[in-house]
Amino acid sequence: GDSVTQMEGPVTLSEEAFLTINCTYTATGYPSLFWYVQYPGEGLQLLLKATKADDKGSNKGFEATYRKETTSFHLEKGSVQVSDSAVYFCALRVVSNTGKLIFGQGTTLQVKP
Amino acid sequence: EAGVTQSPTHLIKTRGQQATLRCSPISGHTSVYWYQQALGLGLQFLLWYDEGEERNRGNFPPRFSGRQFPNYSSELNVNALELEDSALYLCASSDPKRDSNQPQHFGDGTRLSIL
């Protein structure tokens, strides 16, 4: 079945370091892909999305490119800040209209000053 | 524009009781989705409502149910509560008629604790 696999955390970085959080997926057809972020005590916020192969989603300095050949959607940021500390979820929406998002297990990012 | 709002923020119940969680979608959104975020189990899809109808449900027992009202707000009801129902319940909304690739926008959730 359809699934999303994220790199295990926690990921601990110093401020201004480069961030990569790996995400790979298994799905039939061409799913839409998303990154969501969850700050402590809050719900999920949409960070970025991509709906077809080679699309690049970007927002707040974060980027991810939909790579169909490697079934990946890795999240990157050139220079992280303490305020980026949160849990990041990669998700896909299947092609058939079931309404549901399938999430990875989440990756905790901690940025130290 | 107001986001997705959920109430209550926290809910404490005991085993066997019933819980009702509420969600108001973003104005203009007709679809509401419910997810469970339980410790160690990640985010699991529960239910999808659109235009007042249940469109899909996840792999949860029938004691998880809900409805959507004419104003598109929604309730999630959990009967015969069990300890493992303790979780954060997230509601999301979208406008599928505008664009089938519209993302889901989430509320801050209801923390349900079963004692």
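Order of the sequence lines fixes the chain letters, A, B, ..., with proteins taken first and strands second; residue numbering starts at 1 for each chain.
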Query raised in the report: Can you tell me if NZ on A:Lys68 sees more than 12 non-hydrogen neighbours from other groups inside 6.0 Å?
Result: yes

Requested in this report: Verify the cluster assignment for B:Leu39 and B:Leu81: are they in a single hydrophobic cluster under the rule of side-chain heavy atoms below 4.5 Å apart?
Outcome: no

Report task. Applying side-chain contact (heavy atoms from CB on, under 4.5 Å), run through B:Tyr35 and A:Leu101 and close with a yes or a no. Result -> CA-CA 9 Å; B:Tyr35 292 84; A:Leu101 292 174; 3.4 Å; yes

Query raised in the report: Taking side chain as C-beta onward, heavy atoms only, is A:Phe34 less than 4.5 Å from B:Gln104?
Result: no

Report task. Please look at B:Leu43 and chain A and tell me whether the side chain, the backbone, both or neither of the residue comes under 4.5 angstrom of a heavy atom of that chain. Result -> both

Requested in this report: Please check if atom CD in B:Glu54 has more than 12 non-hydrogen atoms from other residues, nucleotides or ligands closer than 6.0 Å.
Outcome: yes

**Report entry** Pick from B:Arg111, B:Gln37, B:His105 with the largest number of heavy-atom pairs that fall under 4.5 Å of chain A
**Finding:** B:Gln37

Query raised in the report: Side chain, backbone, both or neither: which part of A:Leu46 has an atom under 4.5 Å from a heavy atom of chain B?
Result: side chain

Query raised in the report: Checking B:Phe45 against chain A: side chain, backbone, both or neither under 4.5 Å from a heavy atom?
Result: side chain

Query - ILVMFWY cluster, B:Val78 and B:Leu115 together (side-chain gap under 4.5 Å) - result: no

Query raised in the report: Cluster question for you: counting only ILVMFWY and a side-chain heavy-atom cut-off of under 4.5 Å, with indirect links fine, are A:Val87 and A:Leu33 together?
Result: no

Query raised in the report: Measuring heavy-atom distances to chain B, does A:Gln105 have an atom under 4.5 Å in its side chain, in its backbone, in both, or in neither?
Result: neither

Requested in this report: With a 4.5 angstrom heavy-atom cut-off, could you sort out which part of B:Leu88 is near chain A: side chain, backbone, both or neither?
Outcome: side chain

Query raised in the report: Mind checking whether B:Leu76 and B:Phe60 sit in one hydrophobic cluster, side chains of I, L, V, M, F, W, Y counted as touching below 4.5 Å?
Result: yes

Query raised in the report: More than 12 heavy atoms of other residues, nucleotides or ligands under 6.0 Å from CD of B:Glu82: is that the case?
Result: yes

Report task. Tell me, for A:Gln38 versus chain B, whether the close heavy atoms (under 4.5 Å) come from the side chain, the backbone, both or neither. Result -> side chain

Requested in this report: Indicate, with yes or no, if A:Tyr66 and A:Val94 share a hydrophobic cluster defined by side-chain heavy-atom contacts under 4.5 Å among Ile, Leu, Val, Met, Phe, Trp and Tyr.
Outcome: yes

Report task. State the CZ-OG1 distance between B:Arg57 and A:Thr98, to the nearest 0.5 angstrom. Result -> 14.5 Å

Query raised in the report: So which heavy atom on B:Pro103 is nearest to which on A:Arg93, and how close?
Result: CA-NH1, 4.2 Å

